[in-house]
**Student:** 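Below you'll find the structure I mean.
Ligands are counted one by one from 1 in listed order, and the atoms in each one are counted from 1 as well. The residues of the chain are indexed from 1 along the displayed sequence. These numbers were taken from a predicted model, which means no experiment stands behind them.
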Amino acid sequence: MTKDYDLIVIGAGAVGENVADRAAQGGLSVALVEAELVGGECSYWACMPSKALLRAGEVVRAARAVGGAKEAVTGDVDAAAVLARRNSFTSDWNDSGQVDWVKGAGIDLVRGHAVLTGVKQLTVTAADGSTTELRATHAVAISTGSVALLPDIPGLAEAAPWTSREATSSQTVPPRLAIVGGGVVAVEMATAYATLGSSVTLVARSGLLANLEPFAGELVADALKELGVYLRLGDSPERVERGDDGVVRTTLSDAGTIESEEILVATGRLPRTGDLGLETVGLTPDEWLDVDDTMLVLGSDGAPLEGEWLYATGDVNHRALLTHQGKYQARAAGDVIVARAKGEPVDDAAWGRHVATADHRAVPQVTFTDPAVASIGLTAEAAEKAGLTTTVVDYEIGSVAGAAVHTDGYTGTARIVVDDDRQVIVGATFVGPDVQELLHSATVAVVGEVPLKRLWHAVPSYPTISEVWLRLLEGYGRKSA
Ligand SMILES: Cc1cc2nc3c(=O)[nH]c(=O)nc-3n(C[C@H](O)[C@H](O)[C@H](O)COP(=O)(O)OP(=O)(O)OC[C@H]3O[C@@H](n4cnc5c(N)ncnc54)[C@H](O)[C@@H]3O)c2cc1C
Ligand SMILES: NC(=O)c1ccc[n+]([C@@H]2O[C@H](COP(=O)([O-])OP(=O)(O)OC[C@H]3O[C@@H](n4cnc5c(N)ncnc54)[C@H](O)[C@@H]3O)[C@@H](O)[C@H]2O)c1
């Protein structure tokens, strides 16, 4: 028997859940299909467990950086307690709480692996092998996320490497950990495991956090070294082998071998589209799904599939591999699916209700290292490449009174990138303790395209770290009244 729904969402990660919720709130009947845990990567193997692993170390270091508080810190981070707290954030990898939420939202949960069998049709195979046929009246949304990429390094796959899944869910702390990669996962997990007591060696073929402003990677590198992490930058693994003694030996191209109990591969992501039946609707498996700004999937001709029925949201469309950005896409997609189903007007002009315009130039991201890195919009280099005439203003955050009170010897840098023609900020980066809480002010300025002459009237409270805003404006100069 085939079950009919207005909308079928494949993948119940944070993004799929939000597409389903918006559409259900708009009055559509919705099925949400999930092969593993409802809540997806972010809840169980990514954002939440990784941040739980990082937080205790951040708090202890923060206390040690304040005279009067540091005297009260008499011990080290308790690794077992950190792992236990992390376990509580993942509910011990039990999704019953999220399943209850799905039911409460009026969404039908179908457990199993979904495969498209044609236009608006799919088969779901449950863990026991039983199948359910589903048919969508209006739309199907693919929110199947991404998986870790394993580079083609001889011996790596056979050495049973950790990916982000094992790094975020391990119940033990390996005495020695090798990390391959210089991106966000690599630096966050290097921070976490070095704090928990591992001897960490990080190998990256370029610098750290290469997509961000250069000072971000430099300050994070300094901090990692201070934590005792061995950095092998400009190097890469040539061969990996796990011996009979269980020890992983990683041979580097610049000579030298790293020995470790585990090796974490953090070299980016691949789309989870390999076993989805995409070929039945004219798309190519194992590729990221291209979408327009309303998240409609585009075919090889660059146009939406005939009938405008297939959407893709979250990691799988490769626009911004971040939970908050995927959920933003989900709100637009869920609402536009409702509008199209009901024949209501579609608001798809830039910054309209039914589009994810911010994905292009206003993506905020926090890297939860210590110091944290918070960024939004274009780097100075990206703005130049985009052909903008810009002025870049930098300021040492430690020089503002609020930062000095916050942390003894506060070290951090702030940068804004100003589009001189329009006199608006197109990019901002803050590196330093607790700068993540500054980021939304920059996001509002970038998305709102707030003219600098008006920003002078947004007065930061004294003495807070936000006073850096005033220094950045002074650095640019007050060009008009
Ligand atoms: C270590 C790590 C830390 C991160 N930290 C952050 C952070 O702090 N902040 C942040 O914003 N982002 C973070 N990210 C990125 C974030 O995790 C992803 O952007 C987010 O999880 C993407 O959500 P999604 O719903 O698109 O995909 P997912 O969360 O991957 O969900 C996809 C779901 O689809 C299911 N599925 C796949 N195929 C099928 C199928 N055929 N049938 C049925 N179900 C299927 C999967 O089982 C999964 O549950 C982190 C990533 C990693 C790896
Ligand atoms: N705090 C956060 O927001 C957060 C935290 C973790 C992950 N994420 C998201 O998850 C995604 C994945 O993170 P990631 O760190 O795996 O990817 P990434 O794209 O951030 O970094 C990949 C790194 O691997 C290196 N690399 C790639 N191929 C390699 C190879 N063959 N050999 C050696 N090095 C290689 C790259 O040079 C780069 O340094 C990111 O896009 C990020 O948005 C976000």
**Student:** Would you mind listing which atoms of ligand 2 come within a distance below 4.0 Å of any non-hydrogen atom of L322?
**Tutor:**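 Checking each atom against L322, I get 3 (O), 43 (O), 44 (C).
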
**Student:** Any non-hydrogen atom of A210 lying under 4.0 Å from ligand 2?
**Tutor:** no

**Student:** Within a distance under 4.0 Å of any heavy atom of L276, pick out the atoms of ligand 1 and give their elements.
**Tutor:**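 So the answer, numbered in order with elements, is 41 (N).
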
**Student:** Return yes if some donor-acceptor pair links the side-chain N/O of Y311 with the main-chain N/O of S143 below 3.5 Å, else return no.
**Tutor:**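 Not at all, since once roles are kept as given, no pair shorter than 3.5 Å links the two residues.
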
**Student:** For the pair D21 and K327, find out whether any cationic side-chain nitrogen is under 4.0 Å from an anionic carboxylate oxygen.
**Tutor:** no

**Student:** Would you call R55 and E188 a salt bridge, taking side-chain N to carboxylate O under 4.0 Å as the test?
**Tutor:** no

**Student:** Could you see which bit of Q365 sits under 4.0 Å from ligand 1, with heavy atoms only: side chain, backbone, both or neither?
**Tutor:** neither

**Student:** Within ligand 1, which atoms have a heavy atom of H324 less than 4.0 Å away?
**Tutor:** 11 (O)

**Student:** May I ask you to list the atoms of ligand 1 that are less than 4.0 angstrom from any heavy atom of T144?
**Tutor:** 32 (C), 34 (O), 37 (C), 38 (N), 39 (C)

**Student:** Does the E259 side chain pair with the main chain of R249, one donor and one acceptor, at a distance under 3.5 Å?
**Tutor:**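 No; zero donor-acceptor contacts below 3.5 Å.
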
**Student:** Just checking, any donor-acceptor pair under 3.5 angstrom between side chains of R269 and S164?
**Tutor:** yes

**Student:** Heavy-atom contacts with V33 under 4.0 Å: which atoms of ligand 1 show up? List them by number with element.
**Tutor:**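 Going through ligand 1 atom by atom, the ones under 4.0 Å from V33 are 43 (C), 44 (N).
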
**Student:** Out of all atoms in ligand 2, which are within 4.0 Å of some heavy atom of A266? Include the element for each.
**Tutor:**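 Heavy-atom distances to A266 below 4.0 Å select 16 (O), 22 (C), 23 (C), 24 (O).
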
**Student:** Can you tell if the side chain of R205 reaches within under 4.5 Å of the side chain of T267, non-hydrogen atoms only?
**Tutor:** no

**Student:** Which of the numbered atoms in ligand 1 are under 4.0 angstrom from any heavy atom belonging to G112?
**Tutor:**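 In order of number, 42 (N), 43 (C).
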
**Student:** May I ask you to identify the nearest protein heavy atom to atom 17 (O) of ligand 1, giving residue, atom name and distance to one decimal place in Å?
**Tutor:** A46 CB, 3.3 Å

**Student:** Considering only protein heavy atoms, which is closest to atom 20 (C) of ligand 1, and at what distance to one decimal place?
**Tutor:** T323 OG1, 3.5 Å

**Student:** For the side chain of T367 and the backbone of T369, is there at least one donor-acceptor N/O pair under 3.5 Å apart?
**Tutor:** no

**Student:** May I ask whether G326 has any heavy atom positioned less than 4.0 angstrom from an atom of ligand 1?
**Tutor:** no

**Student:** Can you name the atoms of ligand 1, numbered from 1 with element, that are less than 4.0 Å from a heavy atom of S164?
**Tutor:**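 Checking each atom against S164, I get 1 (C), 53 (C).
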
**Student:** List every atom of ligand 1 that sits less than 4.0 Å from any heavy atom of S50, numbering the atoms from 1 in the order shown and giving each element.
**Tutor:**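 Checking each atom against S50, I get 3 (C).
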
**Student:** Can you tell me which residue and heavy atom of the protein come closest to atom 14 (N) of ligand 1, and the distance to 0.1 Å?
**Tutor:**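 Sorting protein heavy atoms by distance from atom 14 (N) of ligand 1 puts C47 SG, 3.9 Å first.
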
**Student:** Could you check atom 34 (O) of ligand 1 against the protein and tell me its nearest heavy-atom contact, residue, atom and distance included?
**Tutor:**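 I find the closest protein heavy atom is G11 CA, 3.1 Å.
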
**Student:** Can you name the atoms of ligand 1, numbered from 1 with element, that are less than 4.0 Å from a heavy atom of E36?
**Tutor:**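 Matching atoms, with element in brackets: 47 (O).
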
**Student:** Between K51 and ligand 1, find which residue part has any heavy-atom pair under 4.0 Å and reply side chain, backbone, both or neither.
**Tutor:**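 Contact part for K51 vs ligand 1: side chain (C-beta onward).
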
